[in-house]
Amino acid sequence: MPSIYLSTALWQFKFRKLAYLFAGLIAYIQLCTWVIFQRLFQPSRPVLGILLAQHLGDIVASEPIIPALHVKYPKAKLVWIIQGHFRPLLEHHPRIFRLVTEKNMLFSYFLTKWNPFQHFFNLHLNELRKDPYFHIPLENEKAKELNINIHNYYAQHNLLENFSQLAGLGLITGQPTLYLPNKKFPLPFEGNYWLIHRISNDPCREWTDENWVKLIQAAIQEWDVNIVEIGTSQGLTFQHPKFLSLVGKTSVEDSLFLIKSASFFIGIDSGPTHCANAFQIPALVMLGEFADFKKYMSYSGAYQLSQIASLVYHENGPAKDLSFDEVWNKLQNALEVNPILHEIPNHK
């Protein structure tokens with residue numbers, strides 16, 4: 001019987017693990033070198049580092065800390081570490097000096113142990129990320145100090161308020177803002193459409209496909225609207241001349257253009273819903289119990305403070321248990337009200 005030490009698969013794994021280690025280490029050294037040079041040649045401008053590499057909704061919700069940090073550190077060069085997939089969310093932000101792609105989680109782990117920035121803010125909570133090869137958790141001492149964890153972060157605050165505390169800003173309010181490149185984007189239905197998003201990274205936030213089909217059919221019949229679905233996977237099995245599924249067919253940037261141009265948005269608590277909030281699109285959002293939280297608010301700005309969004313809460317269970325009638329009645333009421341954007345507090 002051949003020894004396990006002669007196994008091709010084992011040596012391939014060891015090689016991948018070593019390559020992974022060196023990739024993270026090289027990226028870390030390169031960033032440290034760049035930051036040190038920035039500090040040497042422009043000592044009057046502090047270099048600030050923000051580590052929030054994922055997820056889509058978290059990154060969008062945290063955006064108001066960028067102008068708030070510039071108020072606190074007026075001459076700062078702000079560097080944001082982000083996963084490559086999410087770069088379009090911040091790539092065109094006028095107040096970010098440099099966007100750094102997270103090479104791998106080991107790269108971020110090195111930064112939490114020693115970083116070259118004058119001020120460094122890790123916005124990840126504990127118990128959420130672990131390195132796939134070395135099984136090292138990404139830890140946040142500031143979160144421990146503030147007693148913000150995955151079991152209580154929604155108990156009293158929304159996402160922005162949690163992130164702003166981790167960034168040393170206290171509790172701030174603000175309207176998230178997304179910036180897109182100045183280019184033409186081909187819109188479906190000549191730009192006259194509603195947008196839906198129905199899949200979350202946590203299934204307990206989702207609504208049933210049966211109810212989604214029923215809702216789409218009723219909306220088309222009632223208001224003669226065109227409806228577009230976006231997402232990365234599990235598109236809805238439904239066909240109609242006024243329904244277009246773009247699930248799995250768009251990049252993050254494409255999805256942002258589609259959300260920004262929609263006349264109405266219907267969704268669950270997910271990343272695209274945070275994007276719709278950032279673009280201040282009138283919306284209907286389905287919510288219910290999630291993890292340790294019976295009722296919670298994840299949004300700041302438009303969806304928290306104005307009439308532009310109708311939030312449908314299931315009081316005694318997850319969003320999937322919302323009845324069709326509850327959602328349909330809320331949608332009808334939402335479209336009868338002329339959405340008015342109240343003044344939303346923000347950092348200039």
Side-chain angles (χ1 to χ4, degrees), residues 20-39 42 45-70 72-73 76-134 136-144 148 159-160 162-169 176-179 201 252-253 256 271 274-275 278:
Y20 178 89
L21 169 62
F22 277 109
L25 187 59
I26 290 169
Y28 168 71
I29 292 171
Q30 288 174 335
L31 178 60
C32 289
T33 303
W34 179 85
V35 173
I36 290 169
F37 270 100
Q38 294 294 317
R39 293 177 60 175
Q42 285 188 302
R45 297 192 63 186
V47 186
L48 275 61
I50 296 177
L51 172 60
L52 184 57
Q54 59 179 33
H55 291 278
L56 192 153
D58 291 349
I59 295 167
V60 175
S62 68
E63 189 278 338
I65 73 171
I66 297 172
L69 284 171
H70 278 285
K72 188 174 181 179
Y73 307 100
K77 297 178 180 178
L78 199 152
V79 177
W80 193 297
I81 295 96
I82 192 170
Q83 288 183 349
H85 178 68
F86 299 117
R87 284 186 67 97
L89 297 172
L90 299 176
E91 209 153 25
H92 302 279
H93 201 293
R95 295 193 174 189
I96 292 180
F97 187 80
R98 183 180 176 187
L99 202 59
V100 174
T101 300
E102 182 191 57
K103 188 67 177 179
N104 54 42
M105 213 210 77
L106 206 58
F107 165 74
S108 292
Y109 171 78
F110 292 146
L111 285 173
T112 63
K113 294 305 176 183
W114 186 88
N115 72 84
F117 301 100
Q118 279 100 326
H119 303 281
F120 178 71
F121 308 106
N122 176 11
L123 304 188
H124 288 284
L125 295 184
N126 294 300
E127 301 181 58
L128 286 178
R129 301 190 71 194
K130 183 179 286 188
D131 184 87
Y133 280 99
F134 296 91
I136 303 169
L138 190 68
E139 296 184 343
N140 189 334
E141 294 301 325
K142 183 68 173 179
K144 290 180 183 178
I148 302 174
L159 287 177
L160 173 59
N162 284 302
F163 291 136
S164 65
Q165 290 182 82
L166 294 173
L169 297 167
T177 303
L178 290 172
Y179 299 88
N201 55 20
V252 170
E253 185 177 283
L256 294 178
H274 281 277
C275 296

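Just so you know, these numbers use all the heavy atoms, side chains as well, and skip hydrogens, waters and symmetry mates. Fair warning: this is a prediction, and the values are worked out from it, not measured in the lab.
Using a 4.5 Å heavy-atom cutoff, the side chains of Lys77 and Arg98 are not in contact. For the pair Thr177 and Tyr179, the minimum side-chain heavy-atom distance is below 4.5 Å. Within the 4.5 Å cutoff, side-chain heavy atoms of Leu48 are placed close to those of Tyr73. Under the 4.5 Å side-chain criterion, counting only non-hydrogen atoms from C-beta, Tyr109 is not in contact with Pro137. With contacts defined as side-chain heavy-atom distances shorter than 4.5 Å, the pair His55/Gln83 does not qualify. Side chains of Leu51 and Thr112 form a contact here, defined as non-hydrogen atoms less than 4.5 Å apart. Here the side chains of Val60 and Leu89 are in contact, with some heavy-atom distance below 4.5 Å. No side-chain heavy atom of Leu106 sits less than 4.5 Å from a side-chain heavy atom of Leu25.
Taking the six-membered ring where tryptophan is involved, the planes of Tyr28 and Trp114 are perpendicular, since the angle between them exceeds 60° and thus also 30°.
The number of heavy atoms from other shown groups lying within 6.0 Å of CZ (Phe97) is above 12. When the shell of 6.0 Å around CZ of Phe22 is examined, it contains 12 or fewer heavy atoms from other residues, nucleotides or ligands. Within 6.0 Å of NZ on Lys144 lie more than 12 heavy atoms contributed by other residues, nucleotides or ligands.
A donor-acceptor contact closer than 3.5 angstrom is absent between the side chains of Lys142 and Gln165. With no hydrogens or angles considered, no side-chain donor-acceptor pair links Tyr133 and Asn104 at under 3.5 Å.
Nearest heavy atom pair, residue Ala27 against residue Lys103, reads CB-CB, 3.7 Å. Taking both residues in full, the closest heavy atoms of Ala167 and Leu123 are given as N-CD2, 4.1 Å, listed atom of the first, atom of the second, then distance. Between Glu139 and Asn122, the shortest heavy-atom contact is O-ND2, 3.3 Å. Closest non-hydrogen pair, Cys275 versus Leu56, comes out as SG-CD2, 3.3 Å. Shortest non-hydrogen contact noted between Ala61 and His274 is CB-ND1, 3.9 Å.
With rounding to the nearest 0.5 Å, the separation of CG in Leu125 from CG in Asn162 is 6.5 Å. Taking CG from Leu160 and OG from Ser62, the interatomic distance works out to 8.0 Å, rounded to the nearest 0.5 Å. One finds the CD1 atom of Ile59 at 8.5 Å from the CZ atom of Phe163 (value rounded to the nearest 0.5 Å). One distance of note links CD1 of Ile26 with CG of Leu21; it measures 9.0 Å at 0.5 Å rounding. For the atom pair Arg129 CZ and Ile136 CD1, the distance stands at 13.0 Å (nearest 0.5 Å).
The side-chain contact (heavy atoms from CB on, under 4.5 Å) test with Thr33 singles out one residue from Ile29, Val35, Leu31, and that residue is Ile29.
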Checking side-chain contact (heavy atoms from CB on, under 4.5 Å) for the pair His85/Gln54: CA distance, chi angles, key distance, verdict?
-> CA-CA 9 Å; His85 178 68; Gln54 59 179 33; over 6 Å; no
List the steps, then state whether side-chain contact (heavy atoms from CB on, under 4.5 Å) holds for Leu138 with Leu128.
-> CA-CA 8 Å; Leu138 190 68; Leu128 286 178; over 6 Å; no
Does the side-chain contact (heavy atoms from CB on, under 4.5 Å) test come out yes or no for Ile81 and Phe107, once each step is laid out?
-> CA-CA 10 Å; Ile81 295 96; Phe107 165 74; 3.7 Å; yes
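Judged by distance alone, the side chain of Trp80 and the main-chain N or O of Leu52 form a donor-acceptor pair under 3.5 Å. Judged purely by atom type and a 3.5 angstrom limit, Lys113 has no side-chain atom pairing as donor or acceptor with the backbone of Ser108. Side-chain atoms of Asn126 come within 3.5 Å of backbone N or O of Asn140 as a donor-acceptor pair. Checking side-chain atoms of Arg87 against main-chain N and O of Leu99 turns up a donor-acceptor pair under 3.5 Å. Checked by atom type and distance alone, the side chain of Glu102 never pairs as donor or acceptor with a backbone atom of Ala53 at under 3.5 Å. Panel note: side chain Arg39, backbone Arg45; no donor-acceptor pair is recorded below 3.5 Å.
A salt bridge is absent between Arg95 and Glu63: the closest approach of a Lys/Arg side-chain nitrogen to an acidic carboxylate oxygen does not fall below 4.0 angstrom.
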